[in-house]
2 protein chains.
Amino acid sequence: MTLSTPATAPTDERALPASRDHSRAQLRARLVQSAITQFATHGFEGASTRAIAEGAGAHQPQINYHFDNKENLWRAALEQLLSELDDLLSEPSQASDVAMETTIRVLVTFGSRRPELNQILIHEGANPGPRLAWLVDTHLRTRSQQLRSAWEHAVAAGIAADVPSDLVYHTVLGASALVYANAPEARLLFATDPTDPDQVQAHADAMVRLFLPGITQRNQQ
Amino acid sequence: MTLSTPATAPTDERALPASRDHSRAQLRARLVQSAITQFATHGFEGASTRAIAEGAGAHQPQINYHFDNKENLWRAALEQLLSELDDLLSEPSQASDVAMETTIRVLVTFGSRRPELNQILIHEGANPGPRLAWLVDTHLRTRSQQLRSAWEHAVAAGIAADVPSDLVYHTVLGASALVYANAPEARLLFATDPTDPDQVQAHADAMVRLFLPGITQRNQQ
DNA sequence: GTCTATAATTAGATAGAC
DNA sequence: GTCTATCTAATTATAGAC
């Protein structure tokens with residue numbers, strides 16, 4: 001990073017003039033959002049930095065200026081998506097007997113609104129390499145273990161179906177998110193759009209019935 | 001196709017000398033297999049024809065000679081994978097009350113042995129375009145409708161769980177195949193390998209219990 | 001049918017004027 | 001910080017000798 005700010009200028013980015021900071025943050029946010037779209041539909045190798053920049057109304061070298069390289073932009077895209085998921089998952093403390101149901105419903109609804117996260121995760125999960133290692137070590141291991149322990153509590157409470165805890169992560173995620181990650185395919189296969197709110201609600205209800213047969217259904221139509 | 005065979009030569013490829021036909025078919029098979037691997041791990045745009053040729057012990061222009069272009073090779077790869085799946089699915093006529101169970105078990109076991117099919121399908125299912133349209137029109141629509149009608153029979157027989165038939169395709173496939181499509185991720189997340197035969201058997205059993213709670217479990221451990 | 005050479009295009013990243 | 005121009009390397013596809 002070679003910055004040409006005067007020696008007397010504040011070294012902390014937060015102290016920069018508000019307008020400058022605003023536009024800088026805005027451009028970075030637009031680049032991240034465009035990167036999310038491109039990485040989700042074409043994969044890391046298939047997405048071009050030129051197309052990402054064009055989608056953000058910027059020029060291609062600005063990606064290197066603001067993110068150094070393509071992989072750093074990819075990491076920023078994933079941390080944006082994961083923070084959006086966390087905003088929904090980290091609700092205030094819940095009674096443990098409904099924690100698993102809430103988790104399933106959040107996975108379905110977030111998957112329908114932000115299919116890009118699962119599209120990218122599924123793409124990277126097929127390919128051993130440094131990006132997958134970073135994903136697992138930095139973000140996925142903790143989450144999968146939280147899901148596993150929540151599942152084991154639900155099994156002990158007689159709520160959950162008989163699915164081995166090693167398989168819960170991929171079976172619940174696959175059953176809850178694949179139809180949205182592959183929404184373009186689903187729209188060609190079926191007459192209905194899976195992201196219609198009614199369809200999403202029916203899907204969430206079906207997933208709760210399927211994976212948590214031991215609880216009383218409250219939100220059913 | 002510009003063939004320089006003499007005018008008296010047979011026009012049917014099957015009448016060519018056995019050895020020549022053999023090596024030609026062998027090379028094509030090696031290119032298709034290498035393409036399957038590369039498309040599955042890197043996606044269509046991310047896979048390079050040079051890497052595919054190298055994996056088959058061939059030179060890059062031989063792909064254009066034998067398949068004309070990259071997209072034709074991709075289609076050949078998918079038809080190879082789908083024919084392998086059909087070899088398992090089109091078993092002799094089954095009693096309808098076990099047809100759905102057999103289908104689920106085949107999806108799990110084939111997904112574990114040939115993760116490439118689902119990896120490619122999931123990659124393409126996220127991206128509207130001519131490849132997805134070809135996949136849906138030529139192969140996927142028929143299969144998804146067969147699964148839907150088998151599911152509706154199982155529901156009518158009181159065997160199947162309460163999952164809307166529009167969602168069966170993606171929920172069953174997601175729950176049954178994602179752990180294998182993302183086996184590299186699963187190996188980093190958990191201590192066990194999901195493709196171990198014991199794990200696959202446990203997974204198939206769990207999927208049958210989950211989606212077909214109304215049948216008597218015979219193959220359970 | 002195979003192989004070398006290469007054409008035509010595109011990729012990510014950098015230099016330097018402004 | 002932005003923008004034009006460009007570098008190096010990699011891409012798919014083709015030409016032509018063998």
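Predicted, not measured: the structure shown is a model, and the values here were computed from it. When reading the values below, keep in mind they use all heavy atoms of this one structure, side chains included, and skip hydrogens, waters and symmetry mates. Throughout, a chain's letter reflects where its sequence line sits, starting with A, and its residues are numbered from 1.
Residues passing the salt bridge (Lys or Arg N to Asp or Glu O under 4.0 Å) test with A:E185, sequence neighbours excluded: none. For the salt bridge (Lys or Arg N to Asp or Glu O under 4.0 Å) test, no residue two or more places apart in sequence or in another chain qualifies with B:R50. In this structure, the side-chain contact (heavy atoms from CB on, under 4.5 Å) partners of A:T142, at least two apart in sequence or on a different chain, are A:Q146. Partners of B:Y180 by ring pair (Phe, Tyr, Trp, His ring centres under 6.0 Å), not counting sequence neighbours, listed by chain and number: B:H203. Among residues two or more places apart in sequence or in another chain, the salt bridge (Lys or Arg N to Asp or Glu O under 4.0 Å) test is passed with B:R143 by B:D86. Every residue two or more places apart in sequence or in another chain that forms a salt bridge (Lys or Arg N to Asp or Glu O under 4.0 Å) with B:E71 is listed here: B:R75.
Between the CH2 atom of B:W74 and the P atom of D:dT12 there is a distance of 16 Å, given to the nearest Å. Distance, A:R24 CZ to D:dG1 P: 4 Å, rounded to whole Å. In this structure, B:E71 atom CD and D:dT12 atom C1' are separated by 13 Å, rounded to whole Å. Counting to the nearest Å, the P atom of D:dG1 and the CZ atom of A:F67 are 12 Å from each other. Spacing between atom CD1 of B:I63 and atom P of D:dA13 amounts to 9 Å, rounded to whole angstrom units. When the P atom of D:dT12 is taken as reference, atom CG of B:L73 falls 11 Å away, rounded to whole Å. The NE2-P distance, from A:H42 to C:dA11, rounds to 11 Å in whole Å. Separating the CG atom of A:D68 from the C1' atom of C:dG12 is a distance of 13 Å, rounded to the nearest angstrom.
For B:K70, taking side-chain heavy atoms from C-beta onward, the closest of the listed nucleotides D:dA13, C:dA13, C:dG12 is D:dA13. The side chain of B:Y65 lies closest to C:dG1, out of C:dG1, D:dA13, C:dA13. The side chain of B:H66 lies closest to C:dG1 when the candidates are C:dG1, D:dT2, C:dG12.
If you check every strand for non-hydrogen atoms under 4.0 Å, B:A47 touches sugar and phosphate atoms only. At a threshold of 4.0 angstrom between heavy atoms, the contacts of B:L27 are confined to the sugar-phosphate backbone, with no base atom among them.
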Tabulated below should be each protein N or O lying under 3.5 Å from an N or O of nucleotides 4-10 of chain C; please produce it.
unit_1: C:dT4; atom_1: OP2; unit_2: B:H59; atom_2: NE2; d: 3.4

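Within the structure, a side-chain polar atom (N or O) of A:Q62 is placed less than 4.0 Å from OP1 or OP2 of D:dC3.
Comparing the end axes of the helix from C:dG1-D:dC18 to C:dC18-D:dG1, each fitted to five base pairs by superposing C1' atoms of four pairs onto the next four, gives an inter-axis angle of 10° (nearest 10 degrees).
Note on residues 32-41 of chain B: pairs passing side chain to side chain donor-acceptor pair (under 3.5 Å), not counting sequence neighbours, are B:Q33-B:T37, B:Q33-B:R114, B:Q38-B:H42.
Ring geometry for B:F190 against A:Y169 counts as perpendicular: the plane angle is over 60°, on a 0 to 90° scale with 30° as the lower cut.
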A:N127/A:L132 under side-chain contact (heavy atoms from CB on, under 4.5 Å): CA gap, chis, key distance, verdict: CA-CA 7 Å; A:N127 192 1; A:L132 179 59; over 6 Å; no

